[in-house]
Novice: 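The structure's right below; bear with me while I get my questions together.
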There are 2 protein chains.
Amino acid sequence: MRKGEATRLRILDEAALQAASRGLTAVSLADVADAVGISKSGLFKHFDSKEAMQRAVIEQVMDQFVAFVWGPAEPKPPGRTRLEKVFDRWLEWGEHEWPRSGCPITAFTVELDDQPGLLRDYLQGRLQSWRARVIGEFQALGDPPLNPAEAQAAFFQLRSYVLGVSEARRMMGDTDARASALAAFHTLLDRTIRVAA
Amino acid sequence: MRKGEATRLRILDEAALQAASRGLTAVSLADVADAVGISKSGLFKHFDSKEAMQRAVIEQVMDQFVAFVWGPAEPKPPGRTRLEKVFDRWLEWGEHEWPRSGCPITAFTVELDDQPGLLRDYLQGRLQSWRARVIGEFQALGDPPLNPAEAQAAFFQLRSYVLGVSEARRMMGDTDARASALAAFHTLLDRTIRVAA
DNA sequence: GCCAAAAGAGCACGATCGGTCACTTTTTGT
DNA sequence: ACAAAAAGTGACCGATCGTGCTCTTTTGGC
């Protein structure tokens with residue numbers, strides 16, 4: 001159905017917005033329905049339960065994230081150039097796509113990491129496949145390629161800096177965080193390439 | 001009053017435990033009261049409102065955190081040795097003091113960073129004073145001392161690695177995260193000292 | 001233009017939420 | 001030991017939660 005699909009997307013957009021700032025559990029179906037302009041019962045024609053909606057929200061956000069970050073990075077040559085684009089877009093994602101709430105994926109991770117169930121399992125799977133993709137890119141950094149442990153450690157630092165920028169900017173009022181992160185990331189790239197050579 | 005103060009502490013411990021995993025807002029006063037073994041109305045003899053309890057929870061957790069991390073670090077000689085202890089205890093705090101839920105401070109930060117109000121303001125103040133303390137320690141790393149921007153950038157990396165370890169361990173199943181973090185942190189210390197020299 | 005199917009409205013349900021109030025029990029200072 | 005204060009109880013309030021139900025409106029394929 002044409003119309004239904006459009007409404008479904010509007011619901012997911014609104015639910016993702018609210019979940020990014022209040023958390024997945026704290027999202028009220030009534031609030032989402034009101035914001036979208038339909039009734040609460042109309043919402044149930046698109047999702048069987050609140051949990052089904054939450055799962056669809058995670059799915060859509062992860063799709064958007066991968067498209068936003070990997071889309072512009074993929075055309076770049078593999079290795080350093082592509083990784084720099086990934087890092088840049090990852091920072092951009094949190095900073096400009098979700099300026100009010102901060103990155104919803106980080107919020108979902110902190111909320112769900114100790115809550116066993118469908119939502120956590122699905123999010124974990126998506127995050128792991130993303131992680132594997134970026135780690136693969138790190139392996140291609142060196143010639144000969146980095147071993148898995150080295151690439152994993154490099155990814156750890158990349159991800160840490162993204163987390164650090166978010167907290168520094170949003171909670172600590174640190175306006176230099178992005179610069180600190182870029183400097184640290186370039187040091188990481190330099191060091192990683194040198195170690196591999 | 002003797003008895004009342006003991007109950008108050010039990011309430012705060014239980015509320016902190018629940019808030020660390022469900023979030024400050026999602027904590028139910030009925031659940032806390034049940035777990036402590038008193039009635040819901042008895043809870044209101046110790047806190048005027050839910051928000052007052054949340055604020056007290058943040059206060060107690062921050063006190064515990066500073067005591068847990070800074071306590072063993074303070075006797076160490078200033079500079080590198082003390083910073084290594086701070087980092088070690090900071091990792092220990094999340095890993096062993098809050099094994100089920102993860103670090104409550106990180107959870108509170110992600111929950112409150114876009115929610116203006118008393119809770120955010122108070123948490124922000126406590127975090128900034130902690131940050132200032134560690135940054136001061138970084139300045140003492142070099143001779144001559146690091147300038148504020150350098151020390152701030154070093155703190156950014158330290159904090160980022162702590163955040164990274166938590167996510168890697170709790171969500172990604174990365175058992176090597178602590179080793180990656182320690183390696184990255186020691187590189188940071190080496191580089192910072194060398195830059196200052 | 002007709003008609004089935006999809007989309008949505010309206011209402012009500014049991015449960016739970018934070019919070020109040022009047023009352024009883026326990027603790028504490030003297 | 002006694003009285004005042006503190007600590008704790010139980011019943012209850014209005015609001016909101018997710019969800020099920022029946023019914024109406026709208027949409028899209030023929």
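The sequence lines fix the lettering, A, B, ..., with proteins before strands; numbering per chain opens at 1. Side-chain atoms are counted along with the backbone in the values below, which use heavy atoms only and exclude waters and symmetry mates.
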Novice: Classify the ring geometry of B/W130 against B/W90: parallel below 30°, tilted from 30° to 60°, perpendicular beyond 60°.
Specialist: perpendicular

Novice: Restricting to pairs with a member in residues 3-45 of chain B, which pass ring-ring contact (aromatic ring centres under 6.0 Å, His included), not counting sequence neighbours?
Specialist: none

Novice: Hey, could you give me each pair passing salt bridge (Lys or Arg N to Asp or Glu O under 4.0 Å) that has a residue in residues 37-52 of chain B? Not counting sequence neighbours.
Specialist: none

Novice: Reckon B/K3 has a side-chain N or O less than 4.0 Å from the OP1 or OP2 of D/dG8?
Specialist: yes

Novice: Residues two or more places apart in sequence or in another chain: which of them pass side chain to side chain contact (heavy atoms under 4.5 Å, CB included) with A/Q139?
Specialist: A/I135, A/P148, A/A151

Novice: Quick one, which residues of residues 21-32 of chain A touch DNA chain D with a heavy atom under 4.0 Å?
Specialist: A/V27, A/S28, A/L29, A/A30

Novice: Output the rounded distance in Å from CD (A/E5) to C1' (D/dT27).
Specialist: 15 Å

Novice: Does anything in residues 45-64 of chain B form a ring-ring contact (aromatic ring centres under 6.0 Å, His included)? List the pairs, not counting sequence neighbours.
Specialist: none

Novice: With sequence neighbours excluded, tell me which residues meet side chain to side chain contact (heavy atoms under 4.5 Å, CB included) with B/P78.
Specialist: B/R82, B/E137

Novice: What pairs with B/Q60 under side-chain hydrogen bond (donor to acceptor under 3.5 Å, both in side chains), at least two apart in sequence or on another chain?
Specialist: B/D13

Novice: Quickly work out the A/I11 CD1 to C/dA7 P distance and round it to whole Å.
Specialist: 10 Å

Novice: Does anything in residues 41-54 of chain B come within less than 4.0 Å of DNA chain C? Heavy atoms only, and list the residues if so.
Specialist: B/S41, B/F44, B/S49, B/K50

Novice: Among residues at least two apart in sequence or on other chains, which ones pass salt bridge (Lys or Arg N to Asp or Glu O under 4.0 Å) with B/R55?
Specialist: none

Novice: Expressed in angstrom and rounded to an integer, what is the separation of B/L9 atom CG from D/dA7 atom P?
Specialist: 12 Å

Novice: Report all side-chain donor-acceptor pairs from residues 97-109 of chain B shorter than 3.5 Å, counting only partners two or more places apart or in another chain.
Specialist:
| residue | atom | partner | partner atom | Å |
| --- | --- | --- | --- | --- |
| B/T109 | OG1 | B/I105 | O | 2.8 |

Novice: Describe, as an angle rounded to 10 degrees, how the axis at the first end of the helix from C/dG1-D/dC30 to C/dT30-D/dA1 is tilted relative to the axis at the last end, five pairs per end.
Specialist: 30°

Novice: Taking C-beta and beyond as the side chain, do A/E111 and A/Q115 meet within less than 4.5 Å on heavy atoms?
Specialist: no

Novice: State which residues pass salt bridge (Lys or Arg N to Asp or Glu O under 4.0 Å) with B/D174; sequence neighbours excluded, sorted by chain then number.
Specialist: A/R131

Novice: Measure the distance from NZ on B/K40 to C1' on C/dT16 and round it to the nearest whole Å.
Specialist: 8 Å

Novice: Send over the distance from B/D34 CG to C/dG18 P, rounded to a whole Å.
Specialist: 12 Å

